[in-house]
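Written below as structure tokens is the structure these notes are about.
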There are 2 protein chains.
Amino acid sequence: MTSTYEFPRPALTVDCVVFGLDEPDLKVLLIRRELEPYRGKWALPGGFVHVDESLDDSAKRELREETGLEKVFLEQLYTYGDVDRDPRERVVTVAYYALVRLSDHRVVAATDARDAAWFGVHDVPRLAFDHDRILNAAYQRLQNKVRYEPIGFELLPRKFTLRQLQRLYEIILDRSLDKRNFRKKILGMDVLEELDEVETDVAHRAARLYRFNQKRYREMVKQGVNFEI
Amino acid sequence: MTSTYEFPRPALTVDCVVFGLDEPDLKVLLIRRELEPYRGKWALPGGFVHVDESLDDSAKRELREETGLEKVFLEQLYTYGDVDRDPRERVVTVAYYALVRLSDHRVVAATDARDAAWFGVHDVPRLAFDHDRILNAAYQRLQNKVRYEPIGFELLPRKFTLRQLQRLYEIILDRSLDKRNFRKKILGMDVLEELDEVETDVAHRAARLYRFNQKRYREMVKQGVNFEI
DNA sequence: CCTCTTAGTGTTAAGTATACACTAAGAGGG
DNA sequence: CCCTCTTAGTGTATACTTAACACTAAGAGG
């Protein structure tokens, strides 16, 4: 029975690509490494999987420890296991990506005495390990996913205007959308709750605020409604 | 430096969901377990990741060792890491799915003195560990993927009729398709090469044979052609 | 009250998806 | 050889979806 377990084991880590919307940019949270290898380089937040926690829990814990973030949208991306992706020894990493409301979670800067910073997604320096590759994959996944699942809301304040929502899609997809068509489509999905409030502190006509209705969304999904943008 | 590596490590395995088309059924290859736990139960082929091979290589090796299959379509699916998914100890598994041409790879039966068998995808017994869950996820992924990427060809003989191709889609998607619309669409994608051959040994008018043109496909992809069915 | 900025709103045309039925070819049996 | 059986192969009309497009309304600020 134990004979099946004689192999030397790869180390197992999780790494998180954390996206935040800081108009007019989509940003990614990076941590500066304090140890070799790649000391001083920027890298994705992450760390070792403990033997008594699930992968999802590891990712949540690392996110909390390294960035102070909690209760954010988090989804597994892909597992990277090339033999020499870490120069020290064999390390397999399960990559996640997270979406955070910068409006809620006030800028996470240097939690835990660590150097952390947000970078524009098109403006990221060369990262440690194979983290560039992971980041690119996460960005592509986000672009794909946002087109047929309404996860974009996770990046906006809970109450938002249609303009904000459209901007969000434009930023993520990196192309402009037609205002009237966008509104028609998104309202037609029937998952936005129109509030009796308008935005404040704007120097022009104030736009109506909306809220994403999660429950309604789940009903719509059951009915097979299409959420493609 | 080594202090970061003090954790007890989860064991790391790969498991493969191997699909084959055996008209009129989509089948999955399973292995009967010879050891505890779940001795005698059916399970996905798989095994431990060696410290000197990539995850993809592990999956390929396991496939070869356990089923004799080589050079098949293989793609990573998801990584499963619940704490108690294996009753012995902590095991994290990277799941893959594979598509094989049963026409090429003659039935794999009991390679390596192991009991292996193909099961209809809707007719699979309760599996060992969390393998039911993995199998379901793989099936869903296949259904999704086949709708916008022409991976179905990996399950057919290299030369096939349009009818075979349509049947394949019908089997995977579990719904019937309109013959004329299907032909229009699939030929319109311009990735099928019409051969000067027809099928043989049929008791009715013989259909023309086609071949998937990989190179042409890659060109079409660059041009942003849509492969949705 | 004038200016500036963004909110909010419908219609038309083009393109795409769907529904649908008959003739052609070839095999096989009498 | 001819009749039957089975599947191959083909086009059109309609419904639906997407894309393009511009003006009036509201409110803030000077």
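Note that the structure is predicted; figures quoted are calculated from it, not measured. Numbered from 1 within each chain, the chains take letters A, B, ... in sequence-line order.
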Starting at [atom1] of [X] and ending at [atom2] of [N], how long is that distance when rounded to a whole Å?
X       : N       : atom1 : atom2 : answer
Q164(B) : dA8(D)  : CD    : C1'   : 13 Å
K185(A) : dT9(C)  : NZ    : C1'   : 18 Å
I186(B) : dA17(C) : CD1   : C1'   : 15 Å
R183(B) : dG11(D) : CZ    : C1'   : 14 Å
L165(B) : dG9(D)  : CG    : P     : 13 Å
L162(B) : dA8(D)  : CG    : C1'   : 10 Å
L209(A) : dT6(C)  : CG    : P     : 17 Å

Pair D82(B)-R133(B), side chain to side chain contact (heavy atoms under 4.5 Å, CB included): steps then yes or no: CA-CA 12 Å; D82(B) 280 0; R133(B) 188 183 168 200; 3.5 Å; yes
State the [atom1]-[atom2] distance between [X] and [Y], to the nearest 0.5 angstrom.
X       : Y       : atom1 : atom2 : value
R163(B) : K179(B) : CZ    : NZ    : 7.0 Å
L21(A)  : L99(A)  : CG    : CG    : 10.5 Å
N213(A) : E193(A) : CG    : CD    : 5.0 Å
D22(B)  : K27(B)  : CG    : NZ    : 4.5 Å
L44(B)  : T93(B)  : CG    : OG1   : 8.5 Å
E62(A)  : E66(A)  : CD    : CD    : 5.0 Å

Of residues 173-182 of chain B, the positions that come close to DNA chain C - non-hydrogen atoms, cut-off under 4.0 Å: D178(B), R180(B), N181(B)
Pairing pattern in dot-bracket form [Watson-Crick, G-U; both distances under 3.5 Å; | = partner strand] for DNA chain D: ||||||||||||||||||||||||||||||
Charged N to carboxylate O under 4.0 angstrom, [X] versus [Y]?
X       : Y       : result
E170(A) : R175(A) : no
D115(A) : R33(A)  : no
K222(A) : E219(A) : no
E75(A)  : K145(A) : yes

Set of residues satisfying side chain to side chain donor-acceptor pair (under 3.5 Å) with respect to K184(A), sequence neighbours excluded: N181(A)
Sole residue of Y169(B), F153(B), F212(B), Y210(B) in ring-ring contact (aromatic ring centres under 6.0 Å, His included) with F160(B): F153(B)
CA sep, side-chain torsions, deciding dist, call: Y78(A), Y78(B), ring-ring contact (aromatic ring centres under 6.0 Å, His included): CA-CA 7 Å; Y78(A) 194 81; Y78(B) 195 81; over 10 Å; no
Test ring-ring contact (aromatic ring centres under 6.0 Å, His included) applied to Y97(A) and Y139(A), step by step: CA-CA 9 Å; Y97(A) 71 106; Y139(A) 182 40; over 10 Å; no
For DNA chain D, the residues among residues 187-199 of chain B that have a non-hydrogen atom under 4.0 Å from it: none
Strand contacts (DNA chain D) in residues 220-229 of chain A, 4.0 angstrom heavy-atom criterion: none
Quiz item: K184(B) side-chain donor-acceptor pair to dT12(D) base, under 3.5 Å: yes
Heteroatom pairs (N/O) under 3.5 angstrom, protein to nucleotides 25-29 of chain D:
{"residue": "dA25(D)", "atom": "N3", "partner": "R205(A)", "partner atom": "NH1", "Å": "3.1"}

Working for side-chain hydrogen bond (donor to acceptor under 3.5 Å, both in side chains), residues Y96(A) and D56(A): CA-CA 9 Å; Y96(A) 279 77; D56(A) 289 7; 2.5 Å; yes
Side-chain N or O of R208(A) closer than 4.0 Å to phosphate OP1/OP2 of dG8(C): no
